[in-house]
**Q** 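I'd like to ask some things about the structure below.
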Amino acid sequence: MKRHLISAADLTRDDALLVLDTAEELAQVADRSIKKLPTLRGRTVVNLFFEDSTRTRISFEAAAKRLSADVINFSVKGSSVSKGESLKDTALTLEAMGADGVVIRHSASGAPHRLANWVRGSVINAGDGTHEHPTQALLDAFTMRRRLGDLAGRKVTIVGDVLHSRVARSNVLLLHTLGADVTLVAPPTLLPVAVDTWPCSVSYDLDAVLPKSDVVMMLRVQRERMNAAYFPTVREYSRRYGLDADRVARLADHAIVMHPGPMNRGVEIAAEVADSPRSTIVEQVANGVSARMAVLYLLLGGSEPAIGKEVSH
Amino acid sequence: MNAASRPVQPAEARDAERDAGHKAVLEAPDIRRALTRIAHEILERTKGGADVVLLGIQTRGVTLARRLAARLEEVEGRPVPWGSLDVTMYRDDLRMRPARALGRTDLPPEGVDDRIVVLVDDVLFSGRTVRAALDALNDLGRPRAVQLAILVDRGHRELPIRADYVGKNLPTSMRETVRVLLAENDERDAVLLGPAAPGDTRGGAPDGEASHSDRKSAQ
């Protein structure tokens with residue numbers, strides 16, 4: 001059976017916990033002098049990046065290499081895509097090379113789902129348009145669990161540009177699966193139309209939500225995806241929805257501050273907050289490798305994938 | 001050194017059912033005596049066990065390593081470092097089954113470099129788990145020597161591996177299963193010998209003992 005990780009909703013609660021437990025064990029490998037396991041020897045993982053990314057691509061590459069997989073990095077610059085090759089033809093090329101796993105980042109929502117119908121290997125969504133970014137949600141949940149323990153009943157507040165954020169969508173789905181209570185905070189213009197169908201609550205008032213939060217996750221203001229005015233000025237946005245030292249002082253003592261990166265310091269998060277001990281931003285990067293190792297191992301390590309979902313044609 | 005072995009679903013009802021048709025070849029006192037003897041042999045062979053590190057192979061090997069460490073401490077009057085080793089990622093049959101949950105690898109703070117590592121497991125069968133453990137150890141450091149302590153040696157080796165310390169040699173047929181129960185994992189101590197579980201069709205191609213006792217059957 002061929003299974004993929006395209007949406008955070010592809011993971012049942014048991015799947016998600018298995019990924020987090022596996023990541024916990026694999027995190028130890030980073031502390032060893034030989035940071036390598038032989039598990040995926042002879043398997044090929046293709047990193048297919050149609051959109052700029054530093055941390056996600058490097059994180060997937062490090063994860064696959066620590067598991068001894070052969071890694072082929074494919075970025076659009078310098079490839080035949082810039083000559084007009086279609087996604088399908090690129091997929092067929094990968095197919096001919098015998099990729100066991102394909103990690104895809106694409107600016108079009110749904111591209112990984114299409115790809116899953118064209119290749120024999122497992123597809124892992126590394127971010128598609130404004131749709132989903134499930135491994136980011138896994139590494140976020142992993143980071144929360146390491147800092148706070150079990151996530152059931154925890155209050156997670158996600159603040160900012162939810163409309164353009166695949167990170168927010170994947171986090172809402174995964175955290176709901178894991179039993180956390182998610183509240184989205186954003187200006188009305190930066191919330192998707194169908195947000196009332198998401199398994200979370202919505203607020204427009206950051207200051208009212210902060211004292212009750214165990215986790216505050218700040219989202220990047222994605223100016224590259226904004227071709228209309230979603231808020232009057234950056235300063236006004238920052239004043240109403242930015243996380244500064246005054247707001248952090250109102251958080252509970254144990255509460256943590258997260259950001260998926262890259263940050264706009266001074267817009268959604270103040271520099272002093274980003275560098276404070278509450279901030280998990282650097283941990284999130286390290287945890288990303290462990291979480292992605294877990295996903296690669298569980299999808300590609302055995303006779304058949306242990307997690308994920310089949311894709312209908 | 002809190003190499004806690006994770007509980008592995010000791011479903012009592014299922015166990016009781018499976019115990020039917022199994023006969024106990026070792027009971028709790030036999031296991032106790034075997035471990036005491038192994039502890040003394042380790043001390044004798046390693047001249048007091050000054051450099052010894054015990055590493056139990058998940059899951060029941062960890063329990064046995066913890067018990068052996070306690071006995072060594074009783075005799076020599078000083079603590080003996082012990083830890084756990086999960087060999088899942090190094091198994092040669094990884095691709096024959098769906099990916100499995102991982103156990104914990106926990107080394108004592110002293111590490112394994114230049115120590116005499118005694119690997120501890122419950123059943124020695126094909127030798128493939130021990131081979132995986134040797135590979136795992138290779139990535140964790142460079143011990144001065146590696147030895148193997150085993151509660152039950154049931155024969156049918158497929159690799160040139162032998163145990164240095166054996167609790168009991170138990171001649172078995174390929175069609176039989178050996179299950180080790182330990183109080184910490186299974187609520188009682190015993191070694192059970194039984195017929196192959198229904199549906200087992202492994203015949204002459206064993207895929208090796210696994211760290212989980214359920215897989216110690218000839219599947």
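Keep in mind that the numbers below use all heavy atoms, side chains included, and drop hydrogens, waters and symmetry copies. Below, chain A is the first sequence line, B the second, and so on; all start at residue 1.
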**Q** At their closest point, which heavy atom of A:Tyr297 faces which heavy atom of B:Ala99, and how far apart are they?
**A** O-CB, 3.7 Å
**Q** Within this structure, what is the CG-CG distance for the pair B:Leu107 and A:Asp31, rounded to the nearest 0.5 Å?
**A** 11.0 Å
**Q** Side chain from CB out, backbone as N, CA, C, O: work out which of these in B:Asp135 comes under 4.5 Å of a heavy atom of chain A, or both, or neither.
**A** neither
**Q** Please determine whether the number of non-hydrogen atoms from other residues, nucleotides or ligands lying under 6.0 Å from atom CZ of A:Arg146 exceeds 12.
**A** yes
**Q** Going by heavy atoms in the side chains, are B:Met96 and A:Ser303 under 4.5 Å from each other?
**A** no
**Q** Kindly give the heavy-atom pair with the smallest separation between A:Ile34 and B:Asp139, and that separation in Å.
**A** CB-O, 3.7 Å
**Q** What is the distance from atom CG of A:Leu40 to atom CG of B:Leu94, rounded to the nearest 0.5 Å?
**A** 8.5 Å
**Q** Nearest heavy-atom pair of B:Arg95 and A:Arg41: which atoms, and what distance?
**A** NH2-O, 2.6 Å
**Q** Go through the steps to decide whether B:Thr105 and A:Arg32 satisfy the test side chain to side chain contact (heavy atoms under 4.5 Å, CB included), and finish with yes or no.
**A** CA-CA 12 Å; B:Thr105 294; A:Arg32 298 186 189 158; 3.9 Å; yes
**Q** Just how far is it from atom CG of B:Asp106 to atom CD of A:Gln28, taken to the nearest 0.5 Å?
**A** 6.0 Å
**Q** For A:Leu18, is it the side chain, the backbone, both or neither that has a heavy atom under 4.5 Å from a heavy atom of chain B?
**A** side chain
**Q** In terms of heavy-atom proximity below 4.5 Å to chain B, should A:Lys35 be classed as side chain, backbone, both, or neither?
**A** neither
**Q** Between B:Met89 and A:Leu67, does a side chain to side chain contact (heavy atoms under 4.5 Å, CB included) hold up when you go through it step by step?
**A** CA-CA 9 Å; B:Met89 299 297 245; A:Leu67 292 170; 3.7 Å; yes
